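Protein chains get the first letters and strands the later ones, always in sequence-line order, with residue 1 at the start of each. Since this is a predicted model, take the numbers as computed values, not measurements.
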Number of protein chains: 2
Amino acid sequence: MPKLGMEPIRRDALVKAAIAEIGEAGSLDVTVSQIARRAGMSSALAHHYFGSKEQMLVATMRHILTLFGAEVRGALAMARSPEERIEAIVRASFSSQNFRAATAASWLHFYLQAQTSDQTRRLLRLYHRRLRSNLMVGFTPLVADPARASETIGALIDGVYLRQVLRPEAMSNEEAVALVLADVQRLIREG
Amino acid sequence: MPKLGMEPIRRDALVKAAIAEIGEAGSLDVTVSQIARRAGMSSALAHHYFGSKEQMLVATMRHILTLFGAEVRGALAMARSPEERIEAIVRASFSSQNFRAATAASWLHFYLQAQTSDQTRRLLRLYHRRLRSNLMVGFTPLVADPARASETIGALIDGVYLRQVLRPEAMSNEEAVALVLADVQRLIREG
DNA sequence: AGGGTTATTGATTGACGAGTCAATAAAGAA
DNA sequence: TTCTTTATTGACTCGTCAATCAATAACCCT
């Protein structure tokens with residue numbers, strides 16, 4: 001029962017199914033057929049809209065990055081001080097449905113994918129640069145070496161994230177945020 | 001020209017070739033044939049000695065973990081104070097040839113593999129527990145919440161490691177060590 | 001109604017890769 | 001020497017999966 005204007009709907013469904021499938025399988029070995037089935041269509045249709053598996057995964061990562069970017073921007077808009085700016089970024093990094101099991105696994109997947117795919121690498125660098133730049137703005141009025149502080153907190157966020165992918169039960173979202181924020185506070189107190 | 005007692009030699013060659021191959025490809029998609037060819041034998045022989053690809057990769061991870069464990073033990077033997085214990089662990093985490101490009105990529109690979117392979121997961125948990133326990137011993141006389149401190153430094157190590165896999169040029173080994181140790185110092189000063 | 005476009009899929013192709021096997025050869029044991 | 005064990009490989013099987021294609025159907029416009 002073909003209706004017109006299906007393209008955006010299908011693409012969206014596929015991207016979301018890809019995240020869910022990667023998260024559930026906890027693995028990189030997700031096939032186009034699995035994703036397509038979960039999205040309620042044939043694999044042929046997936047290829048029809050994305051051309052290739054890689055393009056589909058790139059679109060998936062772009063989607064994750066877009067959501068994350070929106071969340072950061074939203075939180076930053078509320079921030080009234082440098083401290084609050086940093087806190088906003090940390091909270092966004094661990095926030096909401098989006099940043100749980102499925103998304104986290106996908107995220108990690110793309111970290112690896114970035115070693116072989118140019119497009120993925122470019123996307124990831126972009127995210128890194130933005131994160132770093134946002135942290136820097138917050139840290140600059142507060143510490144002597146904002147670059148160093150941003151690097152530390154950025155790495156700490158990645159590390160906590162990585163551990164959450166492996167052992168989701170070991171630490172809750174709030175605990176993760178608290179852990180990172182405590183380190184932020186130490187950095188600030190040190191000046 | 002079959003000589004006897006080839007088994008340990010072949011196994012060793014395969015394990016080392018696997019690390020090199022994963023590191024060079026920067027990817028999980030390493031075939032048994034590629035690894036075997038690099039190790040100077042046929043893929044059939046690799047199967048003969050390891051039974052399956054998974055067993056071969058488990059042996060590879062075990063090898064990496066063994067090397068790391070030895071390095072940590074060596075450094076700990078020299079430590080004369082709690083501070084030095086912690087420093088020893090951090091230095092070992094980023095030390096030497098072993099912990100560069102190829103090994104780091106393999107390491108990250110196993111993090112993912114752990115989500116699907118029971119054996120790999122067990123190995124990784126063992127490593128985590130030991131690392132945590134070692135850090136705890138160092139932190140206990142120095143800070144109020146040693147568990148929290150160990151968790152923070154453990155995550156920071158993983159995060160810095162992850163970033164080095166992605167952008168090896170961004171930070172040198174020594175810089176990585178310095179970054180982590182600075183955070184250790186902050187934790188200690190805080191008490 | 002009929003031509004063009006979009007949506008959709010089952011079936012197929014083509015590649016690649018893990019694991020198996022039968023065959024060859026050398027070393028040691030009897 | 002002959003038998004057994006170990007080493008070794010090329011060729012093969014079997015499965016899987018990305019990608020393609022041909023066919024079908026609904027929608028829109030004229």
Side-chain angles (χ1 to χ4, degrees), chain A residues 1-22 24-61 106 109-110 112-113 116-120, chain B residues 1-22 24-61 106 109-110 112-113 116-120:
Chain A
M1 37 321 226
K3 281 199 178 164
L4 283 245
M6 281 283 100
E7 177 152 0
I9 297 167
R10 292 306 199 183
R11 292 179 87 103
D12 203 57
L14 282 167
V15 160
K16 282 170 182 159
I19 294 173
E21 199 66 28
I22 293 173
E24 191 171 298
S27 150
L28 324 172
D29 301 328
V30 263
T31 72
V32 173
S33 299
Q34 285 171 342
I35 296 171
R37 191 177 326 128
R38 183 181 279 257
M41 72 194 83
S42 73
S43 69
L45 195 54
H47 276 102
H48 173 63
Y49 283 125
F50 279 109
S52 75
K53 182 184 186 178
E54 189 181 352
Q55 285 312 303
M56 193 168 96
L57 292 179
V58 167
T60 303
M61 182 174 186
S106 305
H109 166 261
F110 290 123
L112 280 191
Q113 183 82 3
T116 35
S117 154
D118 270 10
Q119 275 183 83
T120 308
Chain B
M1 38 321 225
K3 279 197 181 166
L4 283 246
M6 282 281 100
E7 177 152 0
I9 297 167
R10 293 304 201 184
R11 290 179 88 100
D12 202 60
L14 282 167
V15 160
K16 282 171 182 159
I19 294 173
E21 199 66 29
I22 292 172
E24 191 171 300
S27 151
L28 324 172
D29 302 328
V30 263
T31 71
V32 173
S33 300
Q34 285 171 342
I35 296 171
R37 191 176 325 127
R38 183 182 281 256
M41 74 194 82
S42 73
S43 70
L45 195 53
H47 276 102
H48 174 63
Y49 283 125
F50 279 108
S52 74
K53 182 183 185 178
E54 188 181 354
Q55 285 312 303
M56 192 167 96
L57 293 180
V58 167
T60 303
M61 182 173 186
S106 306
H109 165 262
F110 291 123
L112 280 191
Q113 183 82 2
T116 36
S117 155
D118 270 10
Q119 275 184 83
T120 308

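Residues meeting the side chain to side chain contact (heavy atoms under 4.5 Å, CB included) test with A/D118, sequence neighbours left out: A/R121, A/R122. Applying the side chain to side chain contact (heavy atoms under 4.5 Å, CB included) rule to A/A44 yields the partners A/S42; only residues at least two apart in sequence or on another chain are considered. With sequence neighbours excluded, the residues satisfying side chain to side chain contact (heavy atoms under 4.5 Å, CB included) with B/S33 are B/T31, B/R37, B/S43. Contacts of A/E7 classified as side chain to side chain contact (heavy atoms under 4.5 Å, CB included), with partners at least two apart in sequence or in another chain: A/R11, A/Y49.
What separates CE of B/M6 from C1' of C/dG28 is a distance of 15 Å, to the nearest Å. In this structure, the CD atom of B/E7 is 21 Å from the P atom of C/dA26, given to the nearest Å. In this entry the distance linking CD1 of B/I9 with P of D/dA7 reads 10 Å, nearest Å. One can place CG of B/L45 at 6 Å from C1' of D/dT8, the figure rounded to the nearest angstrom. The nearest whole Å value for the distance from the NE2 atom in B/H48 to the P atom in C/dA23 is 18 Å. Between the CZ atom of B/F50 and the P atom of C/dT20 there is a distance of 16 Å, given to the nearest Å. Per the geometry, CG belonging to A/L14 stands 13 Å off P belonging to D/dA18, to the nearest Å.
Here the shortest heavy-atom pairing between A/V58 and A/T120 reads CG2-OG1, 4.1 Å. Here the closest heavy-atom approach between residue A/V32 and residue A/A46 is recorded as CG1-CB, 3.9 Å. For A/L14 against A/A36, the heavy-atom pair with the smallest separation is CD2-CA, 4.0 Å. Taking all atoms of both residues into account, the shortest heavy-atom contact from A/M41 to A/A13 is CE-CB, 4.4 Å.
Comparing atom distances between the A/K53 side chain and each of C/dT20, D/dA18, C/dT8 picks out D/dA18 as nearest. Listed nucleotides: D/dA18, D/dT9, C/dT9. Nearest to the side chain of A/H47: D/dA18.
The shortest distance between the side-chain N/O atoms of B/R10 and the OP1/OP2 oxygens of D/dT6 is not below 4.0 Å. Applying the 4.0 Å criterion to OP1 and OP2 of C/dT8, one finds that A/Y49 has a side-chain N or O inside that range.
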Pull out every protein N or O sitting under 3.5 Å from an N or O of nucleotides 11-15 of chain D, one pair per line with the distance.
none

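With values rounded to the nearest 0.5 angstrom, A/R38 atom CZ is found 9.5 Å from A/I35 atom CD1.
Within residues 29-40 of chain A, the residues having any heavy atom closer than 4.0 Å to DNA chain D are, in order of number, A/V30, A/T31, A/V32.
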